[in-house]
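A short write-up of the structure that comes next.
For ligands, and for the atoms within them, numbers begin at 1 and follow the listed sequence. Index from 1, following the sequence.
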Amino acid sequence: MDANQPDSIIGGKSFTAVAVNCAAKAGEWIKSKMGSITQLDTKYSMHDLVTEVDKGAERMIRNLIATHFPTHSFLGEEGVEPGPEASAKALQEVSDSEYLWIVDPVDGTTNYVHGFPFYSVSIALAHRGQVIVGVVYDPSRDELFVAERGKGAYVHGRKMKVSEESSLNHSLLATGFPADQHVALPANLKGIQALAPKVRNLRVAGSAALHLAYVAAGRLSGFWEYNLSAWDIAAGSLLIEEAGGRLSDVAGQPYHLAVRNITATNGLVHDELIQELHTAANT
Ligand code: 2AM
Ligand code: CA
């Protein structure tokens with residue numbers, strides 16, 4: 001599916017142009033609001049934060065997309081009840097959409113609230129379940145990561161390529177601390193404990209979408225995290241595919257929109273990472 005085909009143009013704008021426009025506009029607005037949050041709520045747990053900025057940015061993106069593509073479906077984090085079951089169900093409900101926009105208005109809300117400048121806007125468009133456009137925007141550094149299926153992935157207009165490290169011991173990797181304290185957090189702590197001595201180093205910077213973009217850009221050789229939702233991963237998944245990397249679930253099964261336990265690498269360290277995580281989970 002080519003995102004620049006004539007049938008992808010409605011009102012004169014391509015899918016990618018609209019995605020970029022939404023991410024840039026929302027990102028600038030989000031950045032302008034940093035430090036002036038008046039209301040902070042928790043959602044699923046004390047670790048799951050939401051602000052009026054998350055909600056406002058999602059509304060802004062949703063309205064802009066609806067203006068250009070009124071027949072398209074929309075799945076955004078703030079339109080879904082909190083928690084993993086509701087998020088999986090919401091995806092299921094829109095899974096037979098022809099065109100589906102998948103949006104996280106602020107990925108890394110905890111960072112945003114604390115003024116830690118590592119958060120992003122993540123926007124993907126899927127056609128019959130396959131991501132065809134992916135945009136991740138980092139307002140703090142004004143970095144826009146864009147991919148179109150079949151056309152490559154770019155940052156600052158430069159084509160991205162995954163890193164060339166071929167073993168974990170030369171790799172910088174990232175992961176996340178899952179919010180679920182009962183299953184996912186203990187499982188990932190085992191993975192972290194097993195991997196920390198075997199890699200060059202680990203980072204846990206708090207925005208899954210940006211970590212994925214960094215794998216695509218060759219700044220990280222891999223990333224894994226448990227219990228993510230489609231809107232955390234979809235845009236970044238295409239960045240990585242188009243930059244020559246590989247994605248799967250943590251068991252090595254191919255990526256699709258419903259995958260919640262993600263492993264994303266430069267391809268070269270993929271099997272080694274999956275093996276280490278598997279061994280760690282079973283010890
Ligand atoms: P969010 O900021 O959009 O919630 C941090 O490890 C990553 O996990 C972020 O991308 C964060 O996205 C995501 N995440 C997914 N579920 C979460 C939850 N329940 N609480 C906090 N972060 C969550
Ligand atoms: Ca979010």
**Prompt:** Hey, mind stepping through V121 and V106 against side-chain contact (heavy atoms from CB on, under 4.5 Å) and telling me if it holds?
**Reply:** CA-CA 5 Å; V121 182; V106 184; over 6 Å; no
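The pair K43-E77 meets the salt-bridge criterion, with a side-chain N (NZ, NE, NH1 or NH2) lying under 4.0 Å from an Asp/Glu carboxylate O. In summary, R219 and E143 engage in a salt bridge, as defined by a charged side-chain N under 4.0 Å from a carboxylate O.
Remark: V162 pairs with A243, N266 by the side-chain contact (heavy atoms from CB on, under 4.5 Å) rule, at least two apart or across chains. With sequence neighbours left out, Q253 forms a side-chain hydrogen bond (donor to acceptor under 3.5 Å, both in side chains) with no residue at all.
Taking the Ca ion (ligand 2) as reference, D104 places its N/O/S atom OD1 nearest.
At a cut-off of 3.0 Å, D107 does not coordinate the Ca ion (ligand 2) through any N, O or S atom.
Sorted by first then second residue, the side chain to side chain donor-acceptor pair (under 3.5 Å) pairs that include residues 100-110, not counting sequence neighbours, are D54-T109, H72-W101, D107-S207.
Angle OE1(E77) to the Ca ion (ligand 2) to O(V106), rounded to 10°: 160°.
Note on Y119: it does not cluster hydrophobically with F116, by side-chain heavy-atom contacts below 4.5 Å among ILVMFWY residues.
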Distances under 3.5 Å, N/O of ligand 1 against N/O of the protein: list each pair and its distance.
residue  : atom   : partner : partner atom : Å
ligand 1 : 2 (O)  : G108    : N            : 2.6
ligand 1 : 2 (O)  : T109    : N            : 2.9
ligand 1 : 3 (O)  : E77     : OE1          : 3.1
ligand 1 : 3 (O)  : D104    : OD2          : 2.8
ligand 1 : 3 (O)  : V106    : O            : 3.3
ligand 1 : 3 (O)  : D107    : OD1          : 3.4
ligand 1 : 6 (O)  : E225    : OE2          : 2.6
ligand 1 : 8 (O)  : E225    : OE2          : 3.2
ligand 1 : 10 (O) : D107    : OD1          : 2.8
ligand 1 : 10 (O) : D107    : OD2          : 3.1
ligand 1 : 10 (O) : A208    : N            : 2.9
ligand 1 : 12 (O) : D107    : OD1          : 3.1
ligand 1 : 19 (N) : D48     : OD2          : 3.4

